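What you see below is based on every heavy atom in this structure, not just the backbone, and it leaves out hydrogens, waters and symmetry mates. Lettering follows sequence order; numbering is per chain, from 1. Here the structure is a predicted model, which means the values were calculated and not measured.
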There are 2 protein chains.
Amino acid sequence: MRGETLADIGIKEIAAKANVSIATVSYVLNGTRNVRPKTRERVLRVIEEMNYKPNNAAQSLKRKRTNTIGVIAEDVTVFNVPEIIDGINDCADKLDMHILLTNLRLDKRISRNFDQVDSYRSFAANAVSELLSKQVDGIIYIGIHPRDLTGLFDTYGKPIVYAYCYTQNDVSLQYNDEQASYDAMAHLVKQGHKRIAVITGMMDSIPSRLRFNGFYKAIMEYNLPFDPQLMKMGNWEAESGYRLTMELLELNEPPTAILAMNDVMAVGVLRAAAEVGVLIPRELSVIGFDNREFSEYLIPRISTMDLPLHEIGYQAMESLALLIKGEPIPNNPLPNCKLIERDSVAPPLRL
Amino acid sequence: MRGETLADIGIKEIAAKANVSIATVSYVLNGTRNVRPKTRERVLRVIEEMNYKPNNAAQSLKRKRTNTIGVIAEDVTVFNVPEIIDGINDCADKLDMHILLTNLRLDKRISRNFDQVDSYRSFAANAVSELLSKQVDGIIYIGIHPRDLTGLFDTYGKPIVYAYCYTQNDVSLQYNDEQASYDAMAHLVKQGHKRIAVITGMMDSIPSRLRFNGFYKAIMEYNLPFDPQLMKMGNWEAESGYRLTMELLELNEPPTAILAMNDVMAVGVLRAAAEVGVLIPRELSVIGFDNREFSEYLIPRISTMDLPLHEIGYQAMESLALLIKGEPIPNNPLPNCKLIERDSVAPPLRL
DNA sequence: CCCGATTATCTAAACCTTTAGATTTGCTTC
DNA sequence: GAAGCAAATCTAAAGGTTTAGATAATCGGG
């Protein structure tokens, strides 16, 4: 910790010491005009010596660009958010952009609040407005529950990109939920399963609906028995996985495999199976969703669909950068989930 | 999305429209001088109408204070980091501070790199220097592996606070590891356990050593049998929990309870017990550390010590704010971990 | 060695605030 | 209604950069 403050040294000091004008130093720094190699060297040396770093506040003021984006997370402690931030950050680093993070702490704050819907909107709008006054060049909004947020925020012309939200008109990054669910089914079918049950999330949830589409498509395409008894509506919680598995196992003709729409409900499946004495995967196969870290600590370790969260974040940042530059964003295909094969899937006992 | 850009409206426009000087608007905004209620009203109304937000870049330039701190995380995807950030954010909100987040992605980047130690240092030093040029008022550094970082960074007079790191001279926030481990032991002793084994983390890890101290202290104070065979050195991974539990169960006089220094190794304990046919908690009690989210999805749900991560973050921000103001930071006691009682601890079979 | 054409460098304004210090306004008191 | 004083408001500089436009230096050719 030296005595001199970083801020004490300005471009003025550098100019003086290098015997050039302030402008020249600026040109060296930004490469905006030619400067003779000899002088460039000299300036650079002085900059190095004095450990000069341009004052970002002044730069932003003049440039009307901060190279900083705002990231609004509805809740950073929710499992998929840090990965998305990691992706954003990864890309931001490469683009020399910085991240101003706002954590809405939605879950925590809303539980203390009566009119939930409104307060959530005002929290978010507040965050947007604060970030704009911080002169961010754009905003990425990371929702924890995909839903439609179209036109929610007045960003006064600054671009906004949604990660893991579903909006109609704005730029919004998701992964291919339908395909993922279809792939999971394909995996089960390849093992020989025919009677495959599904435990969905809440049906007002968009991913839940999309995943169901994939399930349904697989049923049709693979010509599997279509049996409404095998379609159970869960609510994302372990308890619902447990309860619905119990129901499934009591069926006259129980399924040989269950597709749980998240790993947490898959835990419920495991519990129910253990309780009834059904062996997994020998007597019942299970496949989850999300590749939560605990999924490989369970006994048995469950197979699951890994979400391309890093990629979502990365692409969100990429798209935002394009929007900031005013360039059109290419129509990328949705990133796909990846099957993680572990120990909860095996061929059915009786073919 | 209106046509006018936020940045188009400056204090000048407000002043003109409200028929006052620029200075007066500034006084209204900051309350730095008296302004007649009538004019204040008028100015505020115009501000409201035109949706004016002060240009933060200009403010920072003049004030030489950005109300922004830098947060450097070694890796945001590591389990304890988001909670810490949440705590920082919670406090920052109250202090009207903003967070510039830098994610070093240490784990990911270092694996691709040869000279690990050096590159880690240069990544971190780089981040510090970038943040300083962004004019942050201070920095919080969140390490993922506690270790000594004293004097690592040249912050040119800006204060820096370490969260979840161990430094000697600088301000550094941890929780009371020793007490936590002691409390866990006390819990087991209260259930009647005497032969308690410990599976440690890597012994070059500071928390591991501190937790061992707590274990040892409990052994002494409760007058428990001191048996080196019951002290196993693990490496934080599930496999080591598994292997060492196997060793423990083969002892002539096996332990009735195991203290695992993290939940991941506790998973290993569960696996080993399941394999050998030892029932948990009837025949063997297990207590973990970290309260990882999976700890309540395991069968049985394991009891564990919850870490005060939110508080660590909150206090880190509090301390940093004091340092920024040049005030002394009070000597708070270390925050404590909290026992989460679940289903993996019961009284031993034979008293 | 000078001229013209390039190329390099400099001067000064602008970006949008904050804030001393100067000036004006509004009130009280005689 | 004027003097005196406090309160309100204004003027203008400053903060560190970028960037047109102006000026100075360099170079090649005759």
Open item on the list: Any base atoms under 4.0 Å from A:Asn56, or only sugar-phosphate, or nothing? Heavy atoms, all strands.
Closed with: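 No contact.
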
Open item on the list: Could you check whether the side chain of B:Lys62 and the base of C:dT17 have a donor-acceptor pair of N or O atoms closer than 3.5 Å, going by distance alone?
Closed with: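 Under the 3.5 Å cut-off, the side chain and the base do not form any donor-acceptor pair.
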
Taking only the side-chain nitrogens and oxygens of [X], find out if one of them lies under 4.0 Å from OP1 or OP2 of [N].
X: A:Lys64; N: C:dC16; result: yes
X: B:Gln59; N: C:dT18; result: yes
X: B:Asn55; N: C:dC15; result: no

What is the distance, rounded to the nearest whole Å, between atom [atom1] of [X] and atom [atom2] of [N]?
X: B:Lys134; N: D:dT17; atom1: NZ; atom2: C1'; answer: 14 Å
X: B:Arg65; N: C:dT18; atom1: CZ; atom2: P; answer: 11 Å
X: B:Gln135; N: D:dG15; atom1: CD; atom2: P; answer: 14 Å
X: B:Lys12; N: D:dC10; atom1: NZ; atom2: C1'; answer: 17 Å
X: B:Asn67; N: C:dT18; atom1: CG; atom2: C1'; answer: 14 Å
X: B:Ile11; N: C:dT17; atom1: CD1; atom2: P; answer: 6 Å
X: B:Arg63; N: C:dT19; atom1: CZ; atom2: C1'; answer: 12 Å
X: A:Leu61; N: D:dT19; atom1: CG; atom2: P; answer: 12 Å

Open item on the list: On a heavy-atom basis, which atom in B:Ser60 and which in A:Ala57 lie closest, and how many Å separate them?
Closed with: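 Minimum heavy-atom separation between B:Ser60 and A:Ala57: CB-CB, 3.8 Å.
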
Which atom pairs, donor and acceptor, lie under 3.5 Å between side-chain atoms of residues 92-101 of chain A and protein residues at least two apart or in another chain?
residue	atom	partner	partner atom	Å
A:Lys94	NZ	A:Asp90	OD1	3.4
A:His98	NE2	B:Glu130	OE1	2.7

- [ ] State, without any angle test, whether B:Thr39 and B:Glu41 hold a side-chain donor-acceptor pair at a distance under 3.5 Å.
- [x]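 No, B:Glu41 and B:Thr39 have no side-chain donor paired with an acceptor closer than 3.5 Å.
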
- [ ] Return yes if a side-chain donor-acceptor contact under 3.5 Å exists between B:Arg63 and B:Asn56, otherwise no.
- [x]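 Their side chains do not contain a donor-acceptor pair, so the 3.5 Å distance test is not met.
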
Task: For B:Ser319, all residues meeting side chain to side chain donor-acceptor pair (under 3.5 Å), sequence neighbours excluded - done: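 Expected list: none.
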
- [ ] For the helix from C:dC1-D:dG30 to C:dC30-D:dG1, measure the angle between the helix axis at one end and the axis at the other, each built from five pairs, rounding to 10°.
- [x]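 About 40° separates the two local helix axes.
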
TODO: Answer yes or no: is there a donor N or O on one side and an acceptor on the other, between the side chain of A:Asp86 and the main chain of A:Pro82, under 3.5 Å?
DONE: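 Not a single qualifying donor-acceptor pair exists.
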
- [ ] Sugar-phosphate atoms are those with a prime plus P, OP1 and OP2; base atoms are the rest. Using that split, label each nucleotide of nucleotides 4-11 of chain C B, S or - for protein heavy atoms under 4.0 Å, 5' to 3'.
- [x] ----SBBB

Which atom pairs, donor and acceptor, lie under 3.5 Å between side-chain atoms of residues 10-25 of chain B and protein residues at least two apart or in another chain?
residue	atom	partner	partner atom	Å
B:Glu13	OE1	B:Gly10	N	2.7
B:Ser21	OG	B:Ala23	N	3.3
B:Ser21	OG	B:Thr24	N	3.3
B:Ser21	OG	B:Thr24	OG1	3.2

TODO: Apply side-chain contact (heavy atoms from CB on, under 4.5 Å) to A:Pro308 and list each qualifying residue two or more places apart in sequence or on a separate chain.
DONE: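 Per chain and number, A:Pro308 pairs via side-chain contact (heavy atoms from CB on, under 4.5 Å) with A:Tyr175, A:Glu311, A:Pro335, A:Cys337.
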
Task: Electrostatic pair A:Arg105-A:Asp75, nearest N-O below 4.0 angstrom - done: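 So A:Arg105 does not pair with A:Asp75 through a salt bridge.
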
